[in-house]
There are 2 protein chains.
Amino acid sequence: MGKYASDLDMVFLALAHPARRAMLARLGQGEATVGELAEPLGISLPAVTKHLKVMERAKLISRSRNAQWRPCRLEAGPLTAASGWIDEQRRVWEGRFDRLETYLGALEGEEGRRDDR
Amino acid sequence: MGKYASDLDMVFLALAHPARRAMLARLGQGEATVGELAEPLGISLPAVTKHLKVMERAKLISRSRNAQWRPCRLEAGPLTAASGWIDEQRRVWEGRFDRLETYLGALEGEEGRRDDR
DNA sequence: TGCGCATTTAACCGTATGGGTAAATACGCA
DNA sequence: TGCGTATTTACCCATACGGTTAAATGCGCA
């Protein structure tokens, strides 16, 4: 993803790795340190740091500082934007079927009238 | 994404590129051929073919055949799964705030009673 | 059979991901 | 100041992405 990737690009990309989704799920329970996030993943700490960078770039998380710990916090906005995009697509897509249904209904009405004469 | 990427991995990865999201939005209006999908994108046809492969792998689209055209059709299931994952996360995350609110409300009640004596 | 059109495959290139290990930082504390 | 812990940075490596152009394939039709 080049230099000019959009917000949504980065959010969906961040969601496209199971380790990152696991970290987000964990962060849904509340703040966590890097070590706490890394523990269940079975990958090295530097690998976790890289995943965190991907999620920070997508603004899915923010970091604070507490002594030598740098806790991560979930930011809901981008998640809302992502599912918003999907839901919008589904809305349009389902709307298309509704209109098709209406159209077929209208056709049926036509045929009914034709049958009547 | 390696050999063992999960369904959700592939769906989110497919959504992480603006050209692919544009193609999905177009497919929300109904079937389209490769040429029709490529036209507004300003990239070569082989590039479009590769994007289509990514979306097929994610099962976001299916293909049929009509003479030399191979029209694409949107498949809604994986989109539902993807926004379902996000909504589930948000549900948990918001539930956490509800519980925090309840907790704070209970604290306030405590303090009120303390003030009363 | 051979032409024309739509699409894919092959080959190549540059950059990004995702992983590792080893070394460097940052901070609290004795 | 020096030690210990948490985290990041620096490199290195293999593979995937995203794009290109040129060649191959699939299909209808004269």
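Proteins get letters first, then strands, A, B, ... in listed order; numbering begins at 1 in each.
Protein atom CD of B:Glu36 is 14 Å distant from nucleotide atom C1' of C:dC5, rounded to whole Å. Taking atom CG on A:Asp9 and atom P on D:dC17, their separation rounds to 15 Å, with Å as the unit. Rounded to a whole Å, the CZ atom of A:Arg21 is 15 Å from the C1' atom of C:dG18. The distance between atom CG of B:Leu13 and atom P of C:dG18, rounded to the nearest whole Å, is 9 Å. Atom-to-atom, NE2 of B:His51 to C1' of D:dT20 comes out at 12 Å; the value is rounded to the nearest Å. The distance from atom CZ of A:Arg70 to atom C1' of D:dT9 is 11 Å, rounded to the nearest whole Å. Across the protein-nucleic acid pair, A:Glu39 atom CD and D:dT7 atom P stand 13 Å apart, rounded to whole Å. Rounded to an integer number of Å, the gap from CZ of A:Phe12 to P of D:dC17 is 17 Å.
A:Ala47 comes within 4.0 angstrom of sugar-phosphate atoms only, judged by non-hydrogen atoms across all strands, and of no base.
For B:His17, taking side-chain heavy atoms from C-beta onward, the closest of the listed nucleotides D:dT5, D:dT20, D:dG18 is D:dG18. In this structure, the nucleotide among D:dT7, C:dT17, C:dG18 sitting nearest to the side chain of A:Thr49 is D:dT7. Side-chain atoms of A:Gln68 lie closest to D:dT5 of the nucleotides D:dG18, D:dT5, C:dT7. In the set D:dT8, C:dT21, C:dG19, C:dT21 carries the atom at the smallest distance from any side-chain atom of A:Ser44. Comparing C:dT17, C:dC12, D:dG4 by their nearest atom to the side chain of B:Lys50 picks out C:dC12.
Note on ring orientation: taking the six-membered ring where Trp is involved, the planes of A:Phe12 and A:Trp85 are perpendicular (angle over 60°, cut-offs 30° and 60°).
DNA chain C lies under 4.0 Å from no heavy atom of any residue of residues 24-31 of chain B.
Contact annotation: B:Arg57 reaches the phosphate of D:dC17 (side-chain N/O to OP1 or OP2, under 4.0 Å). Contact annotation: A:Arg20 side-chain N/O to C:dT17 OP1/OP2 distance is not under 4.0 Å. Dashed line: the shortest gap from a side-chain N or O of B:Arg65 to OP1 or OP2 of C:dA6 is not under 4.0 Å.
There is no side-chain donor-acceptor pair under 3.5 Å between B:Arg70 and B:Thr33.
A side-chain contact (heavy atoms from CB on, under 4.5 Å) with A:Ile86 holds for exactly one of B:Asp87, B:Val11, B:Leu15; it is B:Leu15.
Between A:Glu88 and A:Arg91 there is a salt bridge, with a side-chain nitrogen of the basic residue lying less than 4.0 Å from a carboxylate oxygen of the acidic one. For the pair A:Glu75 and A:Lys59, the salt-bridge criterion is not met [side-chain N within less than 4.0 Å of a carboxylate O].
Heavy-atom nearest nucleotides on DNA chain C were determined for A:Pro46 and for B:Arg63, and the one closer to the 5' end corresponds to B:Arg63. For A:Trp69 and A:Gly42, each mapped to the nucleotide of DNA chain C holding its nearest heavy atom, the one lying further toward the 5' end belongs to A:Gly42.
A:Gln29 places a side-chain heavy atom less than 4.5 Å from the side chain of B:Val92.
Taking both residues in full, the closest heavy atoms of A:Ala14 and A:Leu60 are given as CB-CD1, 3.6 Å, listed atom of the first, atom of the second, then distance.
Although no hydrogens or angles enter the test, the distance criterion places a donor-acceptor pair under 3.5 Å between the side chain of A:Arg20 and the main chain of A:Leu13.
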